[in-house]
Amino acid sequence: MSAPEDEERLLPLAQRWPRASKFLLSGCAATVAELATFPLDLTKTRLQIQGEAALARLGHGAREAAPYRGMVRTALGIVQEEGFLKLWQGVTPAIYRHIVYSGGRMVTYEHLREVVFGKGEDKHYPLWKSVIGGMMAGVVGQFLANPTDLVKVQMQMEGKRKLEGKPLRFRGVHHAFAKILAEGGVRGLWAGWVPNIQRAALVNMGDLTTYDTVKHYLVLNTPLEDNIMTHGLSSLCSGLVASILGTPADVIKSRIMNQPRDKQGRGLLYKSSTDCLVQAVQGEGFMSLYKGFLPSWLRMSPVPFLSKLR
């Protein structure tokens, strides 16, 4: 065996397989973050689904009864009516989703950065390249993770279905995947993928542009230095912008994924993302597109902060 091969075998795994190592580290970090913030995600989904005007077409009355009002009352209602641990209902597919999404996004972004775009003449990576690369990587990662996102959303709504006296759709995560695949085929696993990748692109754009812009402004125009306080404030601002941009697509995505379907797996409420958007605005008002905004912002704000400190 040659000397270079011997030297390569002695290198740490992280240096021998850098992208695979980043994928694993990203997956582990995403799992911890998911467990810590999942109750916010569950609350967000419940808020996004409640009060669907489109349900009137299926004979559920003029408007679905909405027992929850706001983030706090929604979370407390889940604890009181379903149990404390139900705040983590659907966390298993959510972990699957984050492993696939975060890992796929990171690997794609690194490939775009190193191979496709490359650094400028000054050896720095321009912001516009970061934004475009981040959006493209987010789209790829979200498309790959769509089946897990679909199962997550549907499992998050199982507790509410039980309270309403409706039969549960799934016995568990793997049964959910199998049932969706049996009823809708492979295509059924990608229900809601259009608003899902739109949300990913908008969120990544908001995160990257706002975080760097706010951080540079604070360092140059305030007494703050490049420290944890500056990163924290930049993270709050970037999470706010990302939530403003991405919440409408997130609401549409959740509703399309959760809608009842016929035996062929076709949606009974919405024909497309555009149809869902129109029905929501006409039946519930424009602000219905921002249901679940607060838990979304709270959950999203630490993400760029933690990623920049790694």
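As the structure is a prediction and not an experimental result, all values here were calculated from the model.
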Chemist: On a heavy-atom basis, which atom in Gly188 and which in Leu150 lie closest, and how many Å separate them?
Modeler: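 Taking Gly188 first and Leu150 second, the nearest heavy atoms are O-CD2, 3.2 Å.
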Chemist: Taking all non-hydrogen atoms of both residues, which atom of Leu112 and which atom of Gly133 are closest, and how far apart?
Modeler: CD1-O, 3.7 Å
Chemist: Closer than 3.5 angstrom, by distance alone: can the side chain of Lys179 be matched with the main-chain N or O of Arg169 as a donor-acceptor pair?
Modeler: yes
Chemist: Are the side chains of Thr43 and Leu40 in touch, meaning some heavy atoms are under 4.5 Å apart?
Modeler: no
Chemist: Side chains of Gln142 and Asp149: closer than 4.5 Å at any heavy-atom pair?
Modeler: yes
Chemist: Hey, does Ile244 have a side-chain heavy atom less than 4.5 Å from the side chain of Phe293?
Modeler: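 The answer is yes; the side chains approach within 4.5 Å.
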Chemist: Check the pair Lys152 / Thr148 against side chain to side chain contact (heavy atoms under 4.5 Å, CB included), numbers first and verdict last.
Modeler: CA-CA 6 Å; Lys152 181 202 73 169; Thr148 57; over 6 Å; no
Chemist: Below 4.0 angstrom, N of the basic side chain to O of the carboxylate: do Lys160 and Glu52 qualify?
Modeler: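 Here Lys160 does not pair with Glu52 in a salt bridge, since their nearest N and O are not under 4.0 Å apart.
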Chemist: If you define the side chain from C-beta out and look only at heavy atoms, does anything of Asn146 sit under 4.5 Å from Met257?
Modeler: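 Result yes, sub-4.5 Å side-chain heavy-atom pair found.
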Chemist: Angle class for the His175/Phe170 ring planes (parallel below 30°, perpendicular above 60°, tilted otherwise)?
Modeler: perpendicular
Chemist: More than 12 foreign heavy atoms under 6.0 Å from CE of Met136: is that the case here?
Modeler: no
Chemist: Is the backbone of Arg255 close enough, under 3.5 Å, to the side chain of Gln48 for a donor and an acceptor to pair up by distance?
Modeler: no
Chemist: Only counting residues at least two apart or in another chain, list the ones meeting ring-ring contact (aromatic ring centres under 6.0 Å, His included) with Phe177.
Modeler: none
Chemist: For the hydrophobic clusters of this structure (ILVMFWY residues joined by side-chain heavy atoms under 4.5 Å, transitively), does one cluster hold both Leu181 and Met155?
Modeler: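 Yes.
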Chemist: Can you measure from OH (Tyr290) to OG (Ser296) and round to the nearest 0.5 angstrom?
Modeler: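 With rounding to 0.5 Å, OH (Tyr290) is 10.5 Å from OG (Ser296).
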Chemist: Below 4.0 angstrom, N of the basic side chain to O of the carboxylate: do Glu158 and Arg161 qualify?
Modeler: yes
Chemist: Can you check whether Leu35's main-chain N or O pairs, donor with acceptor, with Trp88's side chain at less than 3.5 Å?
Modeler: yes
Chemist: Kindly say whether Thr37 contributes a backbone atom to a donor-acceptor pair with the side chain of Arg299 at under 3.5 angstrom?
Modeler: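 The answer is yes, because a donor-acceptor pair under 3.5 Å joins these two groups.
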Chemist: Using side-chain heavy atoms (C-beta onward) and a distance below 4.5 Å, is Val91 in contact with Asp41?
Modeler: no
Chemist: Any heavy-atom pair between the side chains of Leu289 and Ile252 that's under 4.5 Å?
Modeler: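 Heavy-atom side-chain distance check passes, below 4.5 Å.
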Chemist: Quick check for you: to the nearest 0.5 Å, what is the distance between Thr230 atom OG1 and His216 atom NE2?
Modeler: 11.0 Å
Chemist: Applying the 4.5 Å side-chain criterion to the ILVMFWY set and letting contacts propagate, would Leu220 and Leu218 be lumped into a single cluster?
Modeler: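 Hydrophobic grouping puts Leu220 apart from Leu218.
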Chemist: Between Tyr101 and Val32, is there shared hydrophobic-cluster membership here, with clusters defined by ILVMFWY side-chain heavy atoms closer than 4.5 Å?
Modeler: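 No, it is not one cluster - the side chains of Tyr101 and Val32 are not joined through contacts under 4.5 Å.
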Chemist: What's the verdict on side chain to side chain donor-acceptor pair (under 3.5 Å) for Asp250 and Thr247, showing C-alpha distance, side-chain angles and the deciding distance?
Modeler: CA-CA 5 Å; Asp250 199 20; Thr247 296; 5.9 Å; no
Chemist: CG/Leu144 to CD1/Ile197 distance, rounded to the nearest 0.5 angstrom?
Modeler: 11.0 Å
Chemist: When you look at Leu42 and Lys86, which way does the side chain to side chain contact (heavy atoms under 4.5 Å, CB included) test go after all the steps?
Modeler: CA-CA 9 Å; Leu42 175 64; Lys86 291 299 182 179; 5.6 Å; no
Chemist: Looking at every non-hydrogen atom in both residues, tell me the closest pair between Met300 and Ala242 and how far apart they are.
Modeler: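 Closest approach of Met300 to Ala242: SD-CB, 3.3 Å.
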Chemist: Mind checking whether Ser238 and Val214 have side chains closer than 4.5 Å, heavy atoms only?
Modeler: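 No. Closest side-chain heavy atoms not under 4.5 Å.
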Chemist: Can you give me the closest heavy-atom contact between Gly90 and Phe38, atom names plus distance?
Modeler: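 Smallest heavy-atom distance, with atoms named: C-CZ, 3.4 Å.
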Chemist: In Å, rounded to the nearest 0.5 Å, how long is the span from CG of Leu298 to OG of Ser243?
Modeler: 8.5 Å
Chemist: List the steps, then state whether side chain to side chain contact (heavy atoms under 4.5 Å, CB included) holds for Leu163 with Glu82.
Modeler: CA-CA 8 Å; Leu163 290 176; Glu82 304 172 38; 3.6 Å; yes
Chemist: Rounded to the nearest 0.5 Å, what separation is found between the CZ atom of Arg97 and the OG1 atom of Thr92?
Modeler: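 Arg97 CZ to Thr92 OG1: 15.0 Å, rounded to 0.5 Å.
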Chemist: Establish whether Ile99 and Leu189 are linked, either directly or via other cluster members, by ILVMFWY side-chain heavy-atom contacts under 4.5 Å.
Modeler: no
Chemist: Judged by atom type as modelled, is there a donor-acceptor pair below 3.5 Å linking the side chain of Ser254 to the main-chain atoms of Val251?
Modeler: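 No; judged by distance alone, with no hydrogens or angles, the pair does not exist.
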Chemist: Looking at every heavy atom in both Gly206 and Thr210, which two are closest together, and how far apart are they?
Modeler: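 Scanning both residues, the minimum pair turns out to be O-OG1, 2.8 Å.
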Chemist: Go through the steps for Met157 and Arg46 under the test side chain to side chain contact (heavy atoms under 4.5 Å, CB included), then give the verdict.
Modeler: CA-CA 7 Å; Met157 297 303 298; Arg46 294 287 182 93; 3.7 Å; yes
Chemist: In the structure I gave you, are the side-chain heavy atoms of Tyr96 and Val151 within less than 4.5 Å of one another anywhere?
Modeler: no
Chemist: Tell me whether Ile78 shares a hydrophobic cluster with Leu168, the cluster being built from Ile, Leu, Val, Met, Phe, Trp, Tyr side chains joined at under 4.5 Å.
Modeler: no
Chemist: Have Asp275 and Ser272 got a donor and an acceptor in their side chains that come within less than 3.5 Å?
Modeler: no
Chemist: Using 0.5 Å steps for rounding, measure from the NE2 atom of His231 to the CG atom of Leu224.
Modeler: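 Separation between the atoms: 11.5 Å.
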Chemist: Quiz question: by atom type and distance under 3.5 Å, do the side chains of Gln259 and Arg266 form a donor-acceptor pair?
Modeler: no
Chemist: If every non-hydrogen atom of Asn204 is compared with every non-hydrogen atom of Ala200, which pair is closest and at what distance?
Modeler: ND2-O, 2.7 Å
